[in-house]
Amino acid sequence: MSSPDLNLLVALDVLLSEGSVARAAARLHLSPSAMSRTLARLRQATGDPLLVRAGRGLVATPRAQELQQQAGRVVQEAEALLRPATLLDLSCLDSVFTLRANESFVEEFAPRLVARIEVDASGVQLRFAQKSDKNDMSLRDAGIDLEIGVAGETSPEMRIQALFRDRFIGAVRMGHELSEGPVTPARYAAGRHISVSRRGREKGPIDEALKLLGLQRTIVCMVSSFSATLAMARASDLIASVPERHTLGARTGMFSFPLPVDVAEVTISMLWHPRLDADPAQRWLRACVREVCAFLR
């Protein structure tokens, strides 16, 4: 048979274990005539009579005796494959999960996530991949289990779940002139700024908001991470503009202030491929991420 009907395996297993068309029909909820037709198809498929008349009953041929044990094992394995996954035993889970997130998310949330993971599954290891590697193929080919960040444009089949919203704020060293008095748009724009862009873009939403007020900030340095911009601002008179929640710990000892211009909040989400939707370990991982991200709400 070029395309065998795998449903026949179940019928073969039942027929050989019962040794009777009538009993096999009853087990499979078929009529005796339908079971007889199935036996005929099995004979054609295997090239063997399988069950032959002996007095008032049927007996298995040598070929059927060979097939009986194999058929039973194959059917059991197939049934196991099609059952819902068994309950996940986290204490025995020994896996490496790869999450792709920017440095600020890792610095702020990873310590709590690692601690949360260890409570349930000490055998799990987390690997954080760099954002510079971002592409949907990594999610499709299992290189990445979970993507965390601003969703932006992504393939339509990807699953997306929002974690929290974040807003941009300003941060300067203690003693900076902006740490005293109201931070107006003019005072903010007049300072010397650090821009953060992994793609080398000098202008962004903050610059567009200032432009509407007839203002323009002076960017003297461009870096690729919020961690770097905070480190530079801490050691100089430069002004950093960073996400509030992403950088809470990294801003310790600095003066932070709301931006004096209207800049839209960003939504931080997690993305994963639909093939991981129902996997118990992956669902547990996503629940842990949600729990950790909800901590600062």
Side-chain angles (χ1 to χ4, degrees), residues 101-113 131 147-152 160-270 289-297:
N102 63 35
E103 291 179 6
S104 298
F105 182 92
V106 175
E107 291 174 1
E108 188 62 39
F109 292 95
R112 287 195 299 275
L113 181 58
K131 271 287 190 178
E147 170 97 30
I148 300 174
V150 179
I160 302 176
Q161 185 174 59
L163 294 171
F164 60 87
R165 294 180 66 81
D166 208 348
R167 65 169 183 163
F168 275 78
I169 61 172
V172 294
R173 65 170 180 81
M174 285 297 186
H176 190 283
E177 62 178 19
L178 289 184
S179 66
E180 298 180 1
V183 180
T184 64
R187 289 187 69 201
Y188 172 76
R192 299 164 68 242
H193 294 257
I194 313 168
S195 174
V196 179
S197 176
R198 289 191 302 273
R199 300 180 181 178
R201 296 174 180 172
E202 186 175 344
K203 303 295 183 181
I206 295 175
D207 301 285
E208 294 300 320
L210 287 170
K211 185 177 179 181
L212 293 175
L213 300 176
L215 298 171
Q216 180 178 344
R217 64 176 178 165
T218 299
I219 296 174
V220 299
C221 181
M222 186 179 299
V223 296
S224 61
S225 73
F226 296 116
S227 301
T229 192
L230 285 170
M232 294 186 67
R234 188 188 301 275
S236 69
D237 284 330
L238 297 177
I239 302 171
S241 299
V242 296
E244 183 175 26
R245 291 190 61 185
H246 270 60
T247 60
L248 184 62
R251 297 194 324 273
T252 301
M254 299 182 72
F255 177 77
S256 302
F257 56 90
L259 291 182
V261 291
D262 187 16
V263 178
E265 290 186 336
V266 294
T267 299
I268 307 303
S269 304
M270 58 180 172
V289 172
R290 286 194 300 270
E291 181 179 327
V292 166
C293 288
F295 179 77
L296 291 179
R297 284 182 181 173

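Along the sequence shown, residues carry numbers from 1. Values below: all heavy atoms of this structure, side chains included; hydrogens, waters and symmetry mates excluded.
- Note: Asp166 CG to Leu248 CG = 10.0 Å, rounded to the nearest 0.5 Å.
- Side-chain atoms of Arg187 come within 3.5 Å of backbone N or O of Glu177 as a donor-acceptor pair.
- Listed here is the closest heavy atom pair of Phe168 and Val266: CE1-CG1, 4.4 Å.
- When all heavy atoms of Ala189 and Leu210 are compared, the closest pair comes out as CB-CD2, 4.2 Å.
- A heavy-atom distance below 4.5 Å is found between the side chains of Pro258 and Arg167.
- Residues Arg245 and Phe164 have side chains in contact (heavy-atom distance under 4.5 Å, counting atoms from C-beta outward).
- Two residues are said to be in side-chain contact when any heavy atoms from C-beta on lie closer than 4.5 Å; Ser104 and Thr247 meet this criterion.
- The closest donor-acceptor contact from the side chain of His193 to the backbone of Tyr188 lies under 3.5 Å.
- Nearest approach of Phe109 to Val292, heavy atoms of both residues: O-CG1, 3.8 Å.
- With Arg173 as the fixed residue, the side-chain contact (heavy atoms from CB on, under 4.5 Å) test singles out one of Leu230, Ile239, Leu178, Asp237: Asp237.
- Scanning for salt bridge (charged side-chain N to carboxylate O under 4.0 Å, His left out) contacts around Glu291 gives Arg116, with sequence neighbours left out.
- Arg234 pairs with exactly one of Arg251, Met254, Met174 by the side-chain contact (heavy atoms from CB on, under 4.5 Å) rule, that one being Met254.
- Within a 6.0 Å radius of NZ in Lys203, more than 12 heavy atoms belonging to other residues, nucleotides or ligands are found.
- A distance of 8.5 Å separates CZ in Arg112 from SG in Cys293, rounded to the nearest 0.5 Å.
- Side-chain contact between Phe105 and Pro243: absent, with no pair of heavy atoms (C-beta onward) separated by less than 4.5 Å.
- Judged purely by atom type and a 3.5 angstrom limit, Thr252 uses its side chain to pair as donor or acceptor with the backbone of Gly249.
- Contact of the Ile194 side chain with the Val220 side chain is not registered, since no non-hydrogen atoms from C-beta on lie closer than 4.5 Å.
- Across Pro185 and Pro260, no two heavy atoms sit closer than the pair CG-O, 3.4 Å.
- Looking only at side-chain heavy atoms (C-beta outward), Gln216 and Asp207 stay at 4.5 Å or farther from each other.
- Without hydrogens or angle criteria, Ser225 side chain to Ala228 main chain gives a donor-acceptor distance under 3.5 Å.
- Taking all atoms of both residues into account, the shortest heavy-atom contact from Thr267 to Ala162 is CG2-CB, 3.8 Å.
- The minimum heavy-atom distance linking Ala233 with Leu238 is given by the pair CB-O, 3.5 Å.
- We find the CG-CE distance between Leu163 and Met270 to be 5.0 Å, quoted to the nearest 0.5 Å.
- Every residue meeting the salt bridge (charged side-chain N to carboxylate O under 4.0 Å, His left out) condition with Arg165, not counting sequence neighbours, appears here in chain and number order: Glu265.
- How far CD1 of Ile219 is from CD1 of Ile206: 8.5 Å, rounded to the nearest 0.5 Å.
- Other residues, nucleotides and ligands contribute over 12 non-hydrogen atoms within 6.0 Å of the CD atom of Glu244.
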